[in-house]
Amino acid sequence: MATMDQLTPASASAQPARSARSARSARSARSAREVLAWSRALVDPAMRAAVDTMPGPAHQIIGYHLGWWDEHGRPAQGDGGKALRPTLVLLAAEAVAGSAEAAVPGAVAVELVHNFSLLHDDVMDGDLTRRHRPTAWVVFGAASAILAGDVLAALAFEVLAAGGHPTDVLSAAVLDLLRGQSADMAFEGRSDVGLPECVSMAAGKTGALLGCACALGAELGGGSREQVEQLRCFGEKAGLAFQLTDDLLGIWGDPAVTGKPVFSDLQNRKKSLPVVAALTSGTTAGHELAALYLGEDPLDEPGLIRAAELIELAGGRTWAQTRAEELLAESLHHLHAVNPPPRAAAELTTLAQLIAHRDH
């Protein structure tokens, strides 16, 4: 390889030209809104085709949960979520100079698994609303919603296998997700949850699937083993930042944005990351929070307001915001290690920032 001293005038002049092309590519990067719309246009038809193969009762529940129709099967314009995970799959394929279209089966599989987890989460958490309307279990019953979630999980693997794609990356992520969800449920009955194990829980519950999305996209895009691993780390770090932000929204989020009641996580006494950071802070506010939050009496509105105040006074809110920013920086370090094309790099950076900077 030529050194800088050995470059000919022609090769030296080519350097600014390549840099200019890279700059133009980065400037042509789409906004987050445009990228998410592009992803939906690619993924939604394949999602609908996959769901349409499912039996009647599951088909009705899944379509309702995804916002495609109402509880009677009439077409609706419901909120199906931002579709961050399938978008990450498509962009990860482009980050290794592959084709987004080739990664569509992976995008569908990841989105199916994500919605399987949401259907089960809503039942386990007793959540009454999601995306500004009643949750599927409220409308169709808990047992039916759980079975519909099971159908989605099975369908995800079928979509990958039908295209001849390996399923090991997805299966490992699902096992990590279930491990994280199991730990989250176990924490509800414990008063001694430590911050490191809470972070580990969140890494499994949320980080694993975002890491899987990026690794799967890189694999389907023809990336090297090193690129796949770096993009997995990018997704995992961004996923943990996402969970921190989601936990903040679960306490202080605007219901008009979250689609859930204010203080929803506090009502359920969830051991979310800001809560555990506050409980383990060793502060006076942390001790008062423990007496209030770990008791058996239901939290009324003044109790919920006070709990939120104590979490902030004990440093839980600031810690979560700061750690989310740190994780964003770490995730972008892994992204840059892949040396992706400029537009893919810019768009993945935009998505990572969207994940970490949602209003809270």
Side-chain angles (χ1 to χ4, degrees), residues 114 117-131 135 137-138 142 145 149 176-209 239-255 257-281 285-321 323-324 358-360:
H114 173 54
S117 73
L118 294 182
L119 280 165
H120 283 200
D121 281 355
D122 287 342
V123 174
M124 291 185 287
D125 293 342
D127 285 337
L128 302 180
T129 60
R130 177 174 291 280
R131 298 166 181 163
T135 46
W137 76 267
V138 170
D176 280 342
L177 187 157
L178 294 175
R179 173 186 59 79
Q181 184 62 56
S182 178
D184 192 25
M185 295 292 292
F187 289 173
E188 292 183 12
R190 289 176 49 192
S191 60
D192 61 343
V193 177
L195 191 54
E197 62 179 329
C198 192
V199 170
S200 176
M201 174 275 293
K205 181 180 176 182
T206 305
L209 191 56
L240 192 48
F242 180 97
Q243 186 60 57
L244 282 157
T245 304
D246 199 59
D247 286 352
L248 289 164
L249 289 170
I251 301 172
W252 293 283
D254 180 353
V257 175
T258 65
K260 293 185 176 184
V262 67
F263 302 141
S264 60
D265 281 359
L266 300 186
Q267 287 176 328
N268 294 326
R269 282 189 162 91
K270 289 185 71 67
K271 304 294 194 312
S272 65
L273 287 160
V275 170
V276 174
L279 287 171
T280 59
S281 65
H287 293 311
E288 184 181 340
L289 176 66
L292 176 66
Y293 202 71
L294 302 178
E296 295 183 0
D297 294 335
L299 290 173
D300 56 13
E301 186 173 352
L304 292 168
I305 293 171
R306 183 56 179 163
E309 290 174 348
L310 291 168
I311 294 166
E312 187 156 11
L313 288 170
R317 187 174 191 173
T318 298
W319 173 84
Q321 291 170 333
R323 186 62 187 131
R358 290 175 298 160
D359 291 338
H360 50 263

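Worth saying up front: this structure is predicted, and the values here are computed from it rather than measured.
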Should [X] and [Y] count as side-chain neighbours, where that means a heavy-atom distance under 4.5 Å?
{"X": "Val276", "Y": "Met201", "value": "no"}
{"X": "Phe263", "Y": "Glu301", "value": "no"}
{"X": "Leu299", "Y": "Leu292", "value": "yes"}
{"X": "Trp252", "Y": "Leu266", "value": "no"}

* To do: Tell me, with the steps shown, if Lys270 and Asp184 meet side-chain contact (heavy atoms from CB on, under 4.5 Å).
  => CA-CA 8 Å; Lys270 289 185 71 67; Asp184 192 25; 3.1 Å; yes

Least distance between heavy atoms, [X] atom then [Y] atom:
{"X": "Ala314", "Y": "Ala285", "answer": "N-CB, 3.8 Å"}
{"X": "Tyr293", "Y": "Asp265", "answer": "OH-O, 3.6 Å"}
{"X": "Ala202", "Y": "Leu240", "answer": "CB-CD1, 3.6 Å"}
{"X": "Ser117", "Y": "Leu177", "answer": "CB-CD2, 3.9 Å"}
{"X": "Ala145", "Y": "Leu119", "answer": "O-CB, 4.0 Å"}
{"X": "Cys198", "Y": "Leu273", "answer": "SG-CD2, 3.6 Å"}

* **Results of ring pair (Phe, Tyr, Trp, His ring centres under 6.0 Å) for His114 - residues two or more places apart only** =>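 So His114 forms no ring pair (Phe, Tyr, Trp, His ring centres under 6.0 Å) with any residue.
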
* Would you say the side-chain atoms of Ser200 pair up with the backbone N or O of Pro196, donor to acceptor, closer than 3.5 Å? ->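 Looks like no, no N/O pair under 3.5 Å.
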
* Determine yes or no for a side-chain-to-main-chain donor-acceptor pair under 3.5 angstrom, with Lys271 supplying the side chain and Arg190 the backbone. =>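 A pair under 3.5 Å: yes.
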
* Trace of the side-chain contact (heavy atoms from CB on, under 4.5 Å) decision for Phe242 with Asp247 -> CA-CA 9 Å; Phe242 180 97; Asp247 286 352; over 6 Å; no

Gap separating the [atom1] atom of [X] from the [atom2] atom of [Y], nearest 0.5 angstrom:
{"X": "Thr206", "Y": "Gln181", "atom1": "OG1", "atom2": "CD", "value": "9.0 Å"}
{"X": "Asp121", "Y": "Asp127", "atom1": "CG", "atom2": "CG", "value": "8.0 Å"}
{"X": "Asp125", "Y": "His120", "atom1": "CG", "atom2": "NE2", "value": "12.5 Å"}
{"X": "Leu249", "Y": "Ser264", "atom1": "CG", "atom2": "OG", "value": "9.5 Å"}
{"X": "Leu279", "Y": "Leu310", "atom1": "CG", "atom2": "CG", "value": "10.0 Å"}
{"X": "Asp246", "Y": "Ile251", "atom1": "CG", "atom2": "CD1", "value": "10.5 Å"}

* Full working for side-chain contact (heavy atoms from CB on, under 4.5 Å) between Leu244 and Trp319 -> CA-CA 10 Å; Leu244 282 157; Trp319 173 84; 3.6 Å; yes

* To do: Output all residues satisfying salt bridge (Lys or Arg N to Asp or Glu O under 4.0 Å) with Glu312, sequence neighbours left out; order by chain, then residue number.
  =>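 Scan of Glu312 (salt bridge (Lys or Arg N to Asp or Glu O under 4.0 Å), adjacent residues dropped) gives Arg317.
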
